[in-house]
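In listed order, ligands and their atoms are each counted from 1. Bear in mind the structure is a predicted one, so any value in this text is a computation, not a measurement.
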Amino acid sequence: MKFKTVFMLFPLLILLIPAPAFSKNAPHASPKTVIGVILPFSSAFEKIAIEQRNAIDIALAEFDHVEVIYKDGRDDGAGAVAAFHELAEMENPPTAIISCASWASDALHPLAAEKGIFHIAIGSAIINRTEARHTVRFTIDAKQEERQLAEYLSRFNRIAIFNMDNSYGNNWAEILKNNFSEKIVASIAYDPTRKDFRPELAHIKGKNPDVLVLLSADNAGGIARQAREVGISAQFVGTRPIERPELLEEPEYTNGLVYTYPSHSFRHHLIVDYKTAHGITPTIFGIEGYDAMMTLAQALTEGNRSPEALFDWYAGRTYTGALGEVQFDEKGDAGYPYMYKQIVDGRFRIAEFQFALLLEKTRQQIDTVFREMAEGVEKTARALSSAGIKGEEAKKALQVLFEKNEHAFDCATVDSKGVIVSVAPEKFGYLLGMDTSREEHIRRLHATRKPVFSLAIATVEGFSGFDLQHPVFNRRGVFTGSVGMLTKPDFFDRIITPKVANFPVEIWMIQKDGRMIYDINKEEIGQNLFTDEIYAGYPSLLKLGRKMATAPQGNGQYQFLDKKFDKTVTKNVIWSTVALHGTEFRLALAWIEND
Ligand code: COI
């Protein structure tokens with residue numbers, strides 16, 4: 001009876017349903033832009049696909065003009081192609097597609113171009129680009145990641161590779177074999193749908209490797225356990241896809257694993273939102289998916305529709321998202337730094353060994369800049385030995401010195417009494433005749449007749465700079481004065497900023513007298529650690545500063561404000577020294593414990 005009632009009511013209901021929003025008199029609702037997202041749902045990478053869908057859905061919640069149709073790309077290129085055809089043949093085909101996995105993106109790249117559909121690749125480290133200006137990729141290429149991994153791998157002598165048998169794993173294995181040919185003792189591909197890897201691992205054990213590179217994703221935890229069970233004691237090393245939650249289920253087997261991973265933004269709200277919604281922290285797969293959707297929706301909001309316009313929107317663009325600061329090159333590939341991570345006490349942690357490497361690399365780069373400046377000034381001093389320190393020839397030599405050194409602010413000669421007698425470029429002519437004899441470094445030079453590098457000085461030019469001076473002797477060996485280069489210390493910023501971009505570390509630099517030479521917070525530059533008010537309430541920092549003043553290298557801990565000056569935090573620090581002509585600067589790298 002009930003059925004009958006419903007059926008009888010049905011015609012009435014139809015009459016009562018309001019007219020659709022697109023009827024002539026109703027306000028016009030603009031149709032949504034359709035985006036096809038092809039993810040490997042039915043595959044060994046199902047959990048990755050689900051994570052990407054969840055993250056994309058979080059991004060979608062911020063836009064109401066975009067509609068996403070998810071398709072199953074299965075576990076190979078053919079699966080992705082079939083999913084693509086289903087999308088392309090729809091009455092209203094997608095304006096853009098997003099695809100995950102190298103094999104899928106590689107297969108879809110020419111196809112999407114042929115059909116005039118814009119293409120974004122996520123989770124795709126290997127792509128053979130054949131169509132210019134069509135596909136944008138959020139994943140760093142394997143060749144680039146390998147450069148970083150190689151730095152760590154080069155300390156081992158017997159390298160074994162165990163890689164998933166797909167275009168990701170096989171291409172990565174090839175890259176490693178090309179780079180480390182003589183050190184590879186075993187290289188085996190495995191089927192990622194399998195669970196028992198013991199026969200292959202037993203073979204690897206027989207080769208006695210000191211490192212086992214796992215080009216793996218979700219099954220890395222099981223592989224690690226079985227590898228230890230068959231007696232492999234080698235260091236485990238991995239790459240970006242290895243950071244999966246399952247790795248932490250049996251940490252006794254995975255603790256110590258070192259892997260390369262994007263240095264993304266650790267504080268983006270996506271991380272919190274995802275964890276709140278799904279109970280786990282997203283990995284780089286979700287993070288790429290979120291940024292891909294956020295940027296694409298933004299590009300569409302700005303009216304871009306054609307593949308050309310969408311590609312142009314990305315190429316050359318820099319944006320800040322969940323991946324941190326990302327820079328797209330003209331080919332459409334994203335760029336952002338990678339770092340080393342490590343499983344420590346059952347947690348994914350930033351590998352602390354890399355901090356010393358980072359500090360040393362930064363120190364070397366500053367040192368190289370110092371040496372190049374010193375060589376240039378010394379060469380000019382030799383030329384002025386016969387040309388003299390004033391007159392046309394001297395001016396020309398100073399101009400050459402200035403032009404050859406990108407860090408020079410101006411170049412000048414000073415006579416034996418400390419008076420400036422020649423200067424380049426021309427516009428600094430007002431410095432001629434100025435007496436510099438009271439400057440500490442000029443006195444030092446006059447006393448020792450040796451090259452000097454000043455501490456930070458308040459310059460007549462109006463900034464706090466550094467002066468490098470080299471003595472000039474005429475052909476008879478008589479001291480005639482010196483030639484120098486004044487430099488603005490912005491090269492510290494140019495060297496340090498890209499080194500720490502996206503890294504949860506800070507680099508700062510002080511003179512031994514406590515003066516701050518470089519800090520991420522520009523207002524700190526020029527302050528004195530020992531005397532300025534902002535440091536006064538932090539005794540552990542003052543104590544550390546005193547230790548740094550006397551010791552050329554070391555490590556410690558101190559309390560001070562975080563990078564944003566929001567709250568007091570405890571920081572670990574390591575420091576080293578960069579020196580020129582006896583003037584020493586302490587270079588410190590600090591990070592917040594458990595950040
Ligand atoms: C890649 O192809 O770069 C990936 O990360 C795919 C992943 C499903 C293992």
Side-chain angles (χ1 to χ4, degrees), residues 37-56 70-81 83 97-109 119-129 135-149 161-176 189-194 213-223 237-247 259-262 264 282-292 323 332-336 338 341:
V37 178
I38 301 172
L39 304 175
F41 290 109
S42 308
S43 77
F45 310 104
E46 178 195 9
K47 288 185 180 142
I48 289 176
I50 292 172
E51 179 186 326
Q52 289 170 319
R53 187 184 61 197
N54 290 341
I56 289 173
Y70 290 101
K71 287 277 174 197
D72 184 1
R74 312 184 78 85
D75 58 3
D76 58 6
V81 168
I97 56 156
I98 299 178
S99 63
C100 166
S102 299
W103 49 92
S105 300
D106 203 40
L108 298 182
H109 162 71
H119 179 210
I120 295 184
I122 56 174
S124 304
I126 313 274
I127 252 199
N128 174 28
R129 283 181 184 276
T135 294
V136 155
R137 176 165 60 151
F138 278 75
T139 322
I140 302 289
D141 198 90
K143 285 208 180 82
Q144 205 173 318
E145 183 178 350
E146 199 268 347
R147 264 180 243 140
Q148 170 126 7
L149 191 70
I161 304 171
F162 197 41
N163 66 275
M164 40 185 163
D165 188 5
N166 52 36
S167 70
Y168 177 85
N170 294 331
N171 276 288
W172 245 104
E174 276 314 302
I175 298 170
L176 288 172
Y190 67 84
D191 173 355
T193 60
R194 272 179 43 203
V213 184
L214 299 175
L215 299 162
S216 311
D218 293 78
N219 38 22
I223 294 174
V237 165
T239 54
R240 169 187 51 86
I242 209 164
E243 188 182 295
R244 305 295 307 146
E246 296 75 23
L247 263 187
Y259 58 103
T260 39
Y261 201 71
H264 60 87
T283 68
I284 203 64
F285 286 104
I287 293 170
E288 276 191 39
Y290 174 85
D291 270 14
L323 278 168
D333 275 343
Y336 43 86
Y338 258 61
K341 288 185 84 177

Check: residues 39-49 side-chain donor-acceptor pairs under 3.5 Å, at least two apart:
unit_1, atom_1, unit_2, atom_2, d
S42, OG, D72, OD2, 2.3
S43, OG, P40, O, 2.8
S43, OG, F45, N, 2.8

| query | Does ligand 1 have a heavy atom under 4.0 Å from the side chain of P241, from its backbone, from both, or from neither? | reply | side chain
| Spatial distance of atom CG (L176) from atom CG (L149) [nearest 0.5 Å] | 6.5 Å
| So between S102, S167, S124, whose heavy atom ends up nearest atom 2 (O) of ligand 1? | S102
| note | Checking heavy-atom distances from atom 9 (C) of ligand 1 to each of E288, Q52, M164, R240, the winner is M164
| query | Can you tell me which residue and heavy atom of the protein come closest to atom 4 (C) of ligand 1, and the distance to 0.1 Å? | reply | G123 O, 3.0 Å
| field | Verdict with reasoning, S105 to S99, per side-chain hydrogen bond (donor to acceptor under 3.5 Å, both in side chains) | value | CA-CA 6 Å; S105 300; S99 63; 2.8 Å; yes
| Taking every non-hydrogen atom, the tightest pair across E51 and G286 | OE2-N, 2.9 Å
| query | Which ligand 1 atoms does F285 reach within 4.0 Å, using its non-hydrogen atoms? | reply | 5 (O), 7 (C)
| What is the ring orientation for Y336 with Y338, classed by angle as parallel under 30°, tilted 30 to 60°, or perpendicular over 60°? | parallel
| message | Taking 4.0 angstrom as the limit and counting only heavy atoms of A101, give me the atoms of ligand 1 inside it, by number and element. | response | 2 (O), 6 (C)
